[in-house]
Q: 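After the structure tokens below, expect a handful of questions from me.
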Amino acid sequence: LLSPLVADAEMLGTPDPELAATMGFSGFGKKARTFDLEAMFEQTRRTAVERSRKVLEAREKEKEDQTEKEFRIPCTDTSASVSSATGAGPPLTERYLDMVGSEDNSNEALSGPSMQSQSCAKGPAEDTDDDDDDDEEFIGPPLPPGFKDSDDDNDNDDTEEEDNNPVKKIPDSHEITLQHGTKTVSALGLDPSGARLITGGYDYDVKFWDFAGMDASLQAFRSLQPCECHQIKSLQYSSTGDVILVVSGNSQAKVLDRDGFPVMECIKGDQYIVDMTNTKGHTAMLNSGCWHPKIKEEFLTCSNDGTVRTWDVNNEKKHKSVFKPRSVQGKRVIPTTCTYSRDGKLIAAGCQDGSIQIWDRNMSVHTKFHCRQAHASGTDTSCLTFSYDGTVLASRGGDDTLKIWDIRQFKKPLNSADGLPSFFPMTDCCFSPDDKILVTGTSVKKGGGSGKLFFFYRETFQKLYEIEVTDASVVRCLWHPKLNQIMVGTGNGLAKVYYDPVKSQRGAKLCVVKTKRKERQAETLTQDYIITPHALPMFREPRQRSTRKQLEKDRLDPMKSHKPEPPVAGAGRGGRVGTHGVTLSSYIVKNIALDKTDDSNPREAILRHAKEAEENPYWVAPAYAK
């Protein structure tokens with residue numbers, strides 16, 4: 001930093017003699033001192049190191065004296081072996097000096113614990129000298145023999161017990177309830193870090209919940225209606241957590257940022273074009289959508305127009321690619337759910353004809369895998385999800401079943417569970433973070449019992465556990481791998497979070513410990529004023545004077561005193577047309593209106609002329625006489 005100043009000083013110290021003579025000053029004969037900055041810094045650093053060495057040596061000596069007094073371990077052969085295993089640490093001085101030592105030795109500085117190969121017979125001074133030979137160092141007194149082993153054994157016992165009983169891994173000892181609204185919570189989304197939850201429902205609302213910012217009152221910090229009067233079908237944070245995909249009942253998916261402000265909206269396709277490949281976007285209601293697990297700008301949507309489309313956040317004018325599911329006859333079929341595989345290379349869709357069709361993401365023409373009779377035809381497959389290891393696909397059918405498939409042998413399911421009623425086109429299923437348990441919810445009719453969350457063992461599909469959630473259907477479920485908490489969306493407007501204080505991290509644990517904030521009364525107004533609008537002079541009505549004077553005034557006003565014109569009788573005069581006019585049509589209209597014949601009994605009205613027609617046949621009889 002000082003080098004420019006030094007250069008300036010040198011320049012000023014040796015002026016040009018001609019310049020000095022011309023300018024009229026000659027006091028610049030002395031040359032400025034030059035400073036060797038590197039030497040100064042080196043001197044300062046050495047002084048600091050020396051001081052640190054002295055201070056640390058003094059401290060270490062005190063610590064060693066205390067340690068020797070408290071723990072005196074006889075140095076036998078057995079103790080030597082224990083010491084070499086657990087290690088009595090050399091003083092901190094070595095590690096510190098190695099860090100702040102000269103630059104020549106900086107490359108050789110220790111970067112972690114090293115094994116100590118010396119026996120405890122050596123004193124602290126000898127340890128210091130032989131630091132280069134040490135292989136491992138521990139700070140503090142050696143642990144008692146067998147202490148570490150017993151702790152490890154206990155840990156191993158616990159983990160073995162948990163492995164044998166996977167029910168113990170389910171975090172359901174505690175729960176919190178977030179009140180989204182009164183209608184079905186049809187969408188749930190958690191950001192990758194688990195800090196924020198979003199809920200969407202049939203009431204068109206999307207609510208944002210911040211676990212770190214909430215207190216025990218559990219209030220959402222933002223609520224909005226991104227798609228106006230369309231039910232929310234799906235919500236999902238991108239892989240980086242900075243944007244949210246909103247899929248609703250209209251044909252255009254939206255992308256919002258973390259705070260709910262719009263980032264992009266997909267374009268609507270032309271509904272008059274027959275070939276869906278030639279339209280730029282969806283032309284009918286969306287069913288589902290999700291983000292690419294690796295590429296943060298790409299997402300996927302499926303719609304009632306019979307297509308699955310991929311999109312780029314940076315290009316809202318047109319989709320990236322189109323996948324068209326087909327039935328056995330090659331006809332168009334509607335995809336009800338879609339998803340990416342864990343590596344993002346495959347795209348899977350569940351269709352209304354009961355089939356599951358899987359494409360390679362880069363080849364949109366032919367399916368790579370497909371199963372025609374995966375679920376009953378005519379039912380909505382509500383969810384497809386890949387396991388974390390990427391080999392297994394789980395499907396939740398509208399035919400009240402949950403099935404698990406190996407996509408390499410896609411003809412028959414590995415396992416299947418039935419008797420799981422589902423009334424919603426977005427009923428979920430998901431895998432546990434360790435990939436061993438599969439979770440889904442069940443639907444119930446109003447007053448027909450409780451909606452439950454069922455846990456199945458992935459290998460055998462044996463029912464491990466169930467949670468009675470509430471007296472309404474369980475629609476959405478989501479088991480977050482980082483938080484180890486289970487989020488559930490229900491048919492009566494609740495979002496429940498199940499957690500375990502020991503096994504779960506952050507999330508709901510952050511907000512339940514905070515006390516509710518007291519509502520502070522506004523102390524700004526010392527005295528309340530009640531202002532009535534009509535008390536102000538501009539709104540005050542004038543006081544009513546006596547009636548006689550008012551009438552006299554009104555008589556002078558030509559408008560108020562004007563007598564209304566009487567109706568014109570007859571043909572009309574003075575430029576005003578009469579009531580019925582003088583034309584033939586007005587005369588006929590007048591007479592029709594006056595005709596008061598009672599035609600209430602049609603039979604009598606017809607027979608009225610019967611006698612006259614019999615006596616004097618004129619119309620019909622003469623025509624048929626011959």
Side-chain angles (χ1 to χ4, degrees), residues 170 172 175-190 197-207 209 218 220 230-236 247-249 285-289 336-337 350 352 375-376 378-385 394-403 416-432 437-456 463-480 485-498:
I170 299 170
D172 73 320
E175 66 175 87
I176 61 168
T177 303
L178 309 174
Q179 185 72 48
H180 172 87
T182 53
K183 295 189 177 174
T184 302
V185 175
S186 54
L188 283 178
L190 255 173
L197 172 72
I198 40 172
T199 57
Y202 278 10
D203 55 359
Y204 324 130
D205 284 339
V206 171
K207 291 196 175 179
W209 315 79
L218 305 176
H230 291 284
Q231 293 175 348
I232 308 298
K233 298 284 189 80
S234 169
L235 293 169
Q236 195 186 10
V247 175
S248 66
M285 178 181 82
L286 296 173
N287 287 320
S288 180
T336 54
T337 181
Q352 269 185 348
H375 290 280
T379 60
D380 287 0
T381 303
S382 58
C383 179
L384 292 176
T385 182
S395 63
R396 179 73 165 98
D399 55 357
D400 302 348
T401 60
L402 175 67
K403 295 184 181 180
S416 174
D418 50 15
L420 303 167
S422 165
F423 304 153
F424 292 88
M426 66 279 296
T427 304
D428 251 342
C429 62
C430 64
F431 284 92
S432 63
I437 301 172
L438 191 56
V439 190
T440 190
T442 59
S443 303
V444 290
K445 288 192 167 70
K446 201 170 184 181
S450 296
K452 293 179 181 176
L453 204 58
F454 285 100
F455 296 80
F456 294 96
K463 189 173 83 173
L464 290 174
Y465 195 61
E466 63 180 58
I467 301 174
E468 283 199 11
V469 179
T470 181
D471 57 350
S473 303
V474 175
V475 183
R476 288 284 189 181
C477 60
L478 193 149
W479 195 333
H480 197 270
Q485 298 179 15
I486 301 171
M487 321 286 157
V488 180
T490 68
N492 56 355
L494 305 178
K496 290 203 168 194
V497 183
Y498 291 92

Q: Side chains of T385 and F431: closer than 4.5 Å at any heavy-atom pair?
A: yes

Q: Do side-chain atoms of S186 reach the backbone of I232 as a donor and acceptor pair under 3.5 angstrom?
A: yes

Q: Is there side-chain contact between K496 and M487, with at least one heavy-atom pair below 4.5 Å?
A: no

Q: Would a 4.5 Å heavy-atom cut-off, applied to side chains only, mark H375 and S395 as touching?
A: yes

Q: Quiz question: by atom type and distance under 3.5 Å, do the side chains of N287 and T337 form a donor-acceptor pair?
A: no

Q: Looking at side-chain heavy atoms only, is the closest gap between F424 and Y202 below 4.5 Å?
A: yes

Q: Ignoring hydrogens, what is the shortest heavy-atom contact between E175 and Y498? Give both atom names and the distance.
A: OE1-CE2, 3.5 Å

Q: Determine, step by step, whether L494 and Q179 satisfy the side chain to side chain contact (heavy atoms under 4.5 Å, CB included) criterion, reporting the C-alpha distance in whole Å, the side-chain angles of both residues, the deciding distance to 0.1 Å, and the verdict.
A: CA-CA 5 Å; L494 305 178; Q179 185 72 48; 3.1 Å; yes

Q: Of the non-hydrogen atoms in E468 and S450, which two are nearest, and what is the gap between them?
A: OE1-OG, 3.6 Å

Q: Less than 4.5 Å apart, any side-chain heavy atom of I437 and any of L464?
A: yes

Q: Kindly say whether K452 contributes a backbone atom to a donor-acceptor pair with the side chain of T442 at under 3.5 angstrom?
A: yes

Q: Rounded to the nearest 0.5 Å, what separates atom CG in L218 from atom OG1 in T177?
A: 8.0 Å

Q: Could you tell me whether the side chain of S473 and the main chain of V444 form a donor-acceptor pair under 3.5 Å?
A: yes

Q: Cut-off 3.5 Å, side chains only: do S382 and D380 have a donor facing an acceptor?
A: no

Q: Looking at D400, is its backbone amide N or carbonyl O close enough to the side chain of S422 to form a donor-acceptor pair, meaning the two atoms are under 3.5 Å apart?
A: no

Q: Just how far is it from atom CG of D205 to atom NZ of K183, taken to the nearest 0.5 Å?
A: 10.0 Å

Q: Please report the interatomic distance CD1(I486) to CD1(I170), rounded to the nearest 0.5 Å.
A: 6.5 Å

Q: Checking the side chain of T427 only, and the main-chain atoms of V475 only, is there a donor and an acceptor separated by less than 3.5 Å?
A: no

Q: Going by the angle between their ring planes, with limits at 30° and 60°, are F455 and W479 parallel, tilted or perpendicular?
A: perpendicular

Q: As a quick check of understanding, evaluate side chain to side chain contact (heavy atoms under 4.5 Å, CB included) for R476 and C383, giving each step before the final call.
A: CA-CA 10 Å; R476 288 284 189 181; C383 179; over 6 Å; no

Q: State whether the side chain of R396 and the backbone N or O of G441 hold a donor-acceptor pair below 3.5 Å, judged by distance alone.
A: yes

Q: We want to know whether T199 and H180 form a side-chain donor-acceptor pair, criterion being a heavy-atom distance below 3.5 angstrom.
A: yes

Q: Kindly compute the distance separating CG (L438) from CZ (F456), expressed to the nearest 0.5 Å.
A: 8.0 Å

Q: Evaluate the side chain to side chain donor-acceptor pair (under 3.5 Å) criterion for residues T182 and N492: first the C-alpha distance (whole Å), next the side-chain angles of each, then the deciding distance (0.1 Å), finally the verdict.
A: CA-CA 6 Å; T182 53; N492 56 355; over 6 Å; no

Q: Say whether, by atom type as modelled, one donor and one acceptor occur between the side chain of S443 and the main chain of V474 under 3.5 angstrom.
A: no

Q: Is the shortest heavy-atom distance from the side chain of T401 to the side chain of L420 under 4.5 Å?
A: no

Q: Working to the nearest 0.5 angstrom, can you tell me the gap between K403 NZ and L384 CG?
A: 12.5 Å

Q: Indicate yes or no: at least one non-hydrogen side-chain atom of Y465 is less than 4.5 angstrom from one of D172.
A: yes

Q: Does any non-hydrogen side-chain atom of C477 lie less than 4.5 Å from one of L453?
A: yes

Q: Under the criterion side-chain contact (heavy atoms from CB on, under 4.5 Å), which of V488, L188, D428 is the partner of L478?
A: L188

Q: Please round to the nearest 0.5 Å and tell me the distance separating atom OG1 of T184 and atom CE of M426.
A: 8.5 Å

